[in-house]
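First comes the structure, then the notes that go with it.
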Amino acid sequence: MTGLGTGGYAFAWEPEELHVARYRLTPRDWPAVRKLRLVALSDIHVGGFHMPLSRLPGIIAAANALQPDLVLLLGDFIASRTPRSDDPAMAEWARELARLHSPQGIYAILGNHDWWHDDAALAARGGPTLVGRALEAVGIRVLENEAVRLETVAGPLWLAGLGDQIAFQTLRRGRPWGADDLPATLAQIGDDGAPVIMMAHEPDAFRRMPRRIGLTLAGHTHGGQVRLFGWSPVVPSRYGNRYAYGHVHEEGRDLIVSGGLGTSKLPMRFGVPPEIVLIELG
């Protein structure tokens, strides 16, 4: 009976919850006296078992209530790798995401599912993707191996977005093959001393980040979807639990991995409920 109860909770209850994961930190090169509130949403997987379109307004309202200065969307907006007849229209979920409010704007990167869903983009080995077009159409800037300089309430900031690292893996199974170009992205970042935030869907890119990148934000892992005493039995990362979830500090650099909102493969969560990430810098 205990096993049935735990299974029922993991499949029916926890995936429907919504938590706020809060982090406070001062990354390297960040002016300690300047504060910035970031809200990050990752792995929404609209159309998945626990993520009908009707659930988005509640998530958007909860994110807006946190009064972020900047909103960052970390990829995997859709659920299925191939289109299905019951998939919500991209224009519909994009319009919902456009209801997010922040004075510094909304920026996004693409995830692996956003590529794997798009046969035309895969065949062309490049974008624009259907998901990227839907986001841009409602005013959400998609950063694909790009860096932009923002003037924020905390002063100047470089925001960079890395292309997905396994975008084309379905074309060559078993070997990572991505749309990411880290050198080209880094080349766009000025040497003015302003802090840098990097968005990368898969956290594995953190190992390649130079010291110039004080903070990297990622998703993809869903925290393993099942997490027991800080350990996940299955993590879609070559580094296993090292970058599975939460705040990681290595060699003077910081990484925050979101547990995400939706589910992938198995429609269950245990020990890592859906979350909005709030990061207070400074």
Side-chain angles (χ1 to χ4, degrees), residues 19 21-23 25 27-28 38 40-45 72-76 81 108-116 143-145 160-186 196-266 268-275 277 279:
H19 288 212
R22 300 173 182 267
Y23 301 92
L25 66 153
R28 190 185 58 252
L38 306 177
L41 305 180
S42 187
D43 300 277
I44 302 172
H45 290 296
L72 306 177
L73 308 177
L74 302 178
D76 272 7
R81 298 185 185 181
I109 57 172
L110 301 179
N112 54 299
H113 282 269
D114 305 322
W115 283 95
W116 293 351
L143 299 179
E144 184 75 6
N145 298 315
L162 188 65
D164 187 74
Q165 299 156 66
I166 55 174
F168 309 122
Q169 185 166 303
T170 58
L171 305 178
R172 189 168 63 189
R173 291 188 180 277
R175 298 175 61 189
W177 184 18
D180 55 313
D181 191 336
L182 183 58
T185 306
L186 296 174
V196 185
I197 295 174
M198 176 70 73
M199 297 189 292
H201 180 64
E202 294 89 3
D204 289 13
F206 182 60
R207 288 291 300 141
R208 298 185 283 141
M209 292 299 162
R211 289 183 58 82
R212 181 75 172 90
I213 310 299
L215 175 62
T216 301
L217 304 180
H220 182 63
T221 65
H222 302 193
Q225 283 193 193
V226 174
R227 193 163 179 82
L228 306 169
F229 307 107
W231 178 82
S232 300
V234 178
V235 181
S237 165
R238 73 186 71 176
Y239 300 104
N241 275 269
R242 182 174 180 176
Y243 302 142
Y245 176 72
H247 183 200
V248 178
H249 184 79
E250 288 185 357
E251 300 175 0
R253 301 163 302 135
D254 290 287
L255 166 70
I256 292 177
V257 183
S258 168
L261 289 158
T263 57
S264 181
K265 295 184 179 179
L266 289 177
M268 63 178 292
R269 282 179 176 266
F270 187 82
V272 55
E275 67 181 27
V277 174
I279 305 167

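This one's a predicted model, so the numbers in the text were calculated from it and none came from an experiment.
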May I ask you to decide if [Y]'s main-chain N or O and [X]'s side chain share a donor-acceptor pair within less than 3.5 Å?
X	Y	result
D164	A179	no
T216	L255	no
T221	A244	yes
N145	D181	yes
E275	A21	no
R253	P27	no
D114	D76	yes

[X] vs [Y] side-chain heavy atoms within contact, under 4.5 Å:
X	Y	result
E251	R207	yes
R242	V248	no
L228	F270	yes
L25	I256	yes
V234	Q225	no
L38	I197	yes
R212	L186	no

Between [X] and [Y], which heavy-atom pair has the shortest distance, and what is it?
X	Y	answer
Y245	V257	CD1-O, 3.6 Å
A200	Q165	CB-NE2, 4.1 Å
P274	R269	CD-CD, 3.6 Å
M199	L73	SD-O, 4.4 Å
S232	G223	OG-O, 2.7 Å

Only one of S258, P236, S264 clears side chain to side chain contact (heavy atoms under 4.5 Å, CB included) with H220; which? P236
In this structure, which one of L110, I109, D180 forms a side chain to side chain contact (heavy atoms under 4.5 Å, CB included) with E144? L110
Should the ring pair H113 and W116 be called parallel, tilted or perpendicular, given that the plane angle runs from 0 to 90° and is split at 30 and 60? tilted
How long is the straight-line distance from [atom2] of [Y] back to [atom1] of [X], given to the nearest 0.5 Å?
X	Y	atom1	atom2	value
T185	M198	OG1	CE	5.5 Å
I279	L215	CD1	CG	6.0 Å
D204	Y243	CG	OH	8.0 Å
L162	H201	CG	NE2	11.5 Å

Would you tell me whether D254 and H247 have side-chain atoms, one donor and one acceptor, within less than 3.5 Å of each other? yes
With side-chain contact (heavy atoms from CB on, under 4.5 Å) as the criterion, how do L217 and V277 come out once you've worked through the C-alpha distance, each side chain's angles and the decisive distance to 0.1 Å? CA-CA 10 Å; L217 304 180; V277 174; over 6 Å; no
